[in-house]
Amino acid sequence: MQTDLIQEARRQAEICNACRYCEGYCSVFPALHANRAFTDGDITQLANLCHNCRGCYYACQYTAPHEFDLNLPAALAEVRRDSWESYAWPQPLARRFHTHGAAIVTALVVGFALLFAAIKMIGSAGGEGFYAALSHNAMVAIFAPAFLLPLASLGIGLRRYWHDVGGIGIRISHLTKAFGRAAKMKDLAAGHGDGCNFEDEDRFSQGRRHVHQAIMYGFLLCFASTSTATVMHYVFDMPAPYPLLSLPKLLGVVGGIILTLGCIGMIMLKRKSDPTLGDAKAWGGDMAFVALLGFVGFSGLALYALGASTAMPALLAIHLGAVLTFFLLTPFTKMAHGFYRLAALIRDAQRVS
Amino acid sequence: MTHYDIAVIGGGNAALCAAMTAAESGAKVLILETAPKAYRGGNSRHTRNFRCMHTGPLGPLVETYSEDEYFEDLLKVTKGKTNEALARLAIRTSEECLPWMQDHGVRFQPSLSGTLSLGRTNAFFMGGGKSLVNAYYRTADKLGVDVLYEAAVTHLELSENAVQWVDYTHEGKSHRITPKAVVVASGGFQADTDWLTRAWGPAAQNFLIRGTPYNRGIVLADLLEQGVSQVGDADQCHAVAIDGRAPKYDGGIVTRLDCVPFSIVVNKDAERFYDEGEDVWPKRYAIWGRLVAAQPDQVGHVVIDSKSIDLFMPSVFPPLKADTLEELAALMDIDGAKLKDTVETFNTACGDTSDFHPTELDGVATSGLSPAKTNWARPITDPPFYGYSLRTGVTFTYLGLKVDENAQCSTDTGPIKNLWAAGETMAGSILGQGYLAGYGMTIGTVFGRIAGREAAAYAN
Ligand SMILES: Cc1cc2nc3c(=O)[nH]c(=O)nc-3n(C[C@H](O)[C@H](O)[C@H](O)COP(=O)(O)OP(=O)(O)OC[C@H]3O[C@@H](n4cnc5c(N)ncnc54)[C@H](O)[C@@H]3O)c2cc1C
Ligand code: SF4
Ligand code: SF4
């Protein structure tokens, strides 16, 4: 943990604690006001509760040029990213991607190359559809570890987080509360329901909430598509390819469209927002990550559309390369925030119960 | 250059309410705000709530708060120095203001933690006064109101009971405009230390100003010099005791200190000078501004021990902390032996503390001590000891423009045809001393809207 970032956030939190004007905006403030002094773990928890809606920045009478120099959204964003990096495992990868968009792009190129090489070297074992390009067993051999290893890595990081923020045993009620809040992205609407201050200074808008919801639900639909396909393959012995009117395809196409549009929307919103109210250092990494996620969705759609053409093997390599990169980078990119945010909401549910 | 029907002087709550109301009646309005955009909104940007009458649950407000109860609350703090007709007008109109504020972009939140006693009477702005001001600027912009920042009004030319023109400076140049009507909403004069010093004496040099540095009373002085009717005395100001380390201006709410009832307060000679436990803090914090102002060097020192450190809202600056009273005195730059002596005398005067109750008048008092401490008197014995310094923080001044129920200004010879005033700059017309939390925004909103309505009616 970078103590200077925590110290700066603590300085600001102490000012907020004497002020309390922003209490109604989000979950950060009630949690903040429950303390008189803030441990490093408290600050980390607050940072992961914040979703950078910026309401408290534009409402603050103490922003620069005032000498108190409040910018809580930025201070918490920096602590947040630092916490993900500090908890990440393995550490040598931790600080590579959040702040380096170019590293994500490089990883993506490597992902493409690996898949092209796999297709070339392993190829098909006489399967149908996509399996004509790369056998099912080869896909499983590549993607099962690519999926499970990052999850294990995230698990290690989350355990460290849970320890630092003083988490206790989790009960069902904590989970229902936390998932309920995440599902509606209630905080992104702000306490008054008018949304964030993001793309146009102090104007409230639902824009960010809506594109974020598109990304999340688009992603979950794509994920559901893959999961149902796996179940159909193994449980019902119904291997791909699937017709359009099948569960995997319906979920995948709809999810892919929503995900792609959501990512485009998010990039447009981010470009209009003021980078100094977020984690300015992570700007490039965040943008590259959203672009990667959008590209996963888009290349998947392209593959659906052109799956029967001669472009298929190349498209397959590109799509699977993007998916591979995305999975493997999950613990080291913005993607981690989803997991930490949930953990923070569960922890917060423990505080109030 | 656009010709404006109405010039509104100031960029805080009262000015914005006037501007929006006038624009909604079709007038072309210009706001002249002396502050840069980052500091727009005067003292209004520091506020947190608005006191509102209601005959049933309303927005965030629970139960009821009747006109009579509201008015009685006001009388208690002003000791009768109140213009009943205008005060009741403000109170009565406050009820319709709340939905009007919502319609113009203000969002409310439940009473803040630590202020639950206000949940029935005061509606809190979500995000505080700056978010209210932001919302109003957005709405005003939609209504076609133009805003000029860093536009300092210097003079209103008055003749034949009418404002003939308005002079202001902007980007280093002087400008003159001739609007049909003018609304003055440029606050009090508390940020002009020289003026305060003339009224208060040299002690005022050491006062801190809790709000904006831009309310220097320039327009107020200009109008009073030209014979516009005045109310209130220049030496009346609302002053509270705040953390002595606060910045000279704009320290706002976070510099407040709520620890006095659990402390003893000494002056720079390490002597107590007033009953720290006279009443609950919200009812007493205003008199402490004056008490501290009357002490040498206008400073007080709060001493508490570890028993009490968690009993009050944290302040923005950490307390001084020491294991002995002598060490604490050294940090405070006062005489250690003397402080120890004062504390010991106090401690021996404390009696049974078993009834101690931090949030109620508990009657736990000293005996045989002068000045006595009549509630929450527990001996100061448990190290570490903590200290804060207190200084006088001025919230606003009362000297102002005298207005009638239409917010219209006048001279000895009758009403000024095209001049209205709203907010702090005319609040003296309603209350001559004392203050009720949340009433400043009520006055600004009610009379801002009246001024806007009247000015537009005249201009159209
Ligand atoms: C820390 C603090 C907290 C407070 N909290 C509350 C609260 O919770 N509730 C409440 O009701 N009241 C509160 N008050 C009192 C409240 O701030 C005032 O009653 C209210 O804001 C007055 O509004 P106004 O529009 O008259 O003045 P202001 O908001 O002060 O606006 C005056 C405007 O005039 C401008 N101006 C000054 N001179 C010139 C000039 N020459 N030319 C052009 N423009 C000029 C200023 O820049 C400013 O924009 C608080 C005050 C302070 C200091
Ligand atoms: S961000 Fe500013 S206005 Fe909001 S609680 Fe903190 S100090 Fe107060
Ligand atoms: S940026 Fe939004 S979520 Fe974060 S602390 Fe401020 S109001 Fe809360």
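Throughout, a chain's letter reflects where its sequence line sits, starting with A, and its residues are numbered from 1.
Heavy atoms closer than 4.5 Å to chain A are found nowhere in B/Phe108, neither backbone nor side chain. Within the 4.5 angstrom heavy-atom criterion, no atom of A/Cys56 approaches chain B. The part of A/Cys60 that comes within reach of chain B is its backbone (N, CA, C, O), which places non-hydrogen atoms under 4.5 angstrom from that chain. Proximity to chain B (any heavy atom under 4.5 Å) is shown, for A/Arg11, by neither the backbone nor the side chain. Neither the backbone nor the side chain of B/Tyr137 comes within contact range of chain A, judged by heavy atoms closer than 4.5 Å. A/Phe68 touches chain B through its side chain: at least one heavy atom from C-beta onward sits under 4.5 Å away, while N, CA, C and O do not. Residue contact with chain B, scored on non-hydrogen atoms closer than 4.5 Å, involves the backbone and the side chain of A/Asp200 alike. For a residue to count as touching a neighbouring chain, one of its non-hydrogen atoms must lie under 4.5 Å from one of that chain's; by this rule B/Thr47 touches chain A with the backbone only. Using a 4.5 Å cut-off between heavy atoms, A/Pro30 does not touch chain B at all. Neither the backbone nor the side chain of A/Phe204 comes within contact range of chain B; no heavy atoms are under 4.5 Å apart. Heavy atoms of B/Arg107 lying under 4.5 Å from chain A belong exclusively to its side chain. Heavy atoms of A/Asn197 lying under 4.5 Å from chain B are absent altogether.
Each of A/His66, A/His33, A/Glu201 has some count of heavy-atom pairs under 4.5 Å with chain B, and the biggest count is that of A/His66. Counting heavy-atom pairs closer than 4.5 Å to chain B, the top-ranked of the candidates A/Gly193, A/Pro65, A/Cys22 is A/Pro65. Note: B/Asn134 leads B/Ile309, B/Asp258, B/Asn134 in heavy-atom pairs under 4.5 Å with chain A.
Taking a cutoff of 4.0 Å between a charged side-chain nitrogen and a carboxylate oxygen, A/Arg80 and A/Asp279 do not qualify as a salt bridge. Salt-bridge annotation for B/Arg40 and A/Asp202: present, with a side-chain N of the basic residue lying under 4.0 Å from a carboxylate O of the acidic one.
A donor-acceptor pair shorter than 3.5 Å cannot be found between the side chains of A/Asp274 and A/Tyr57. Side-chain contact, A/Asn52 with A/Arg54: a donor N or O sits under 3.5 Å from an acceptor N or O. Side chains of B/Asn13 and B/Thr445: a donor on one and an acceptor on the other come within 3.5 Å.
The closest donor-acceptor contact from the side chain of B/Glu33 to the backbone of B/Gly41 lies under 3.5 Å.
Of all non-hydrogen atoms in A/Gln12 and A/Leu70, the two that sit nearest each other are OE1-CD1, 3.7 Å.
Taking the ring centre of B/Phe312 as origin, the terminal cationic atom of A/Arg36 falls inside the region bounded by 6.0 Å and 45° from the ring axis.
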Using the side chain to side chain contact (heavy atoms under 4.5 Å, CB included) rule, take A/Ile215 and A/Cys263 through it: C-alpha gap first, then chi angles, then the decisive distance, then the call.
CA-CA 6 Å; A/Ile215 294 174; A/Cys263 289; 4.1 Å; yes
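Put simply, the residue from A/Trp84, A/Trp283, A/Phe289 that forms a ring-ring contact (aromatic ring centres under 6.0 Å, His included) with A/His98 is A/Trp84.
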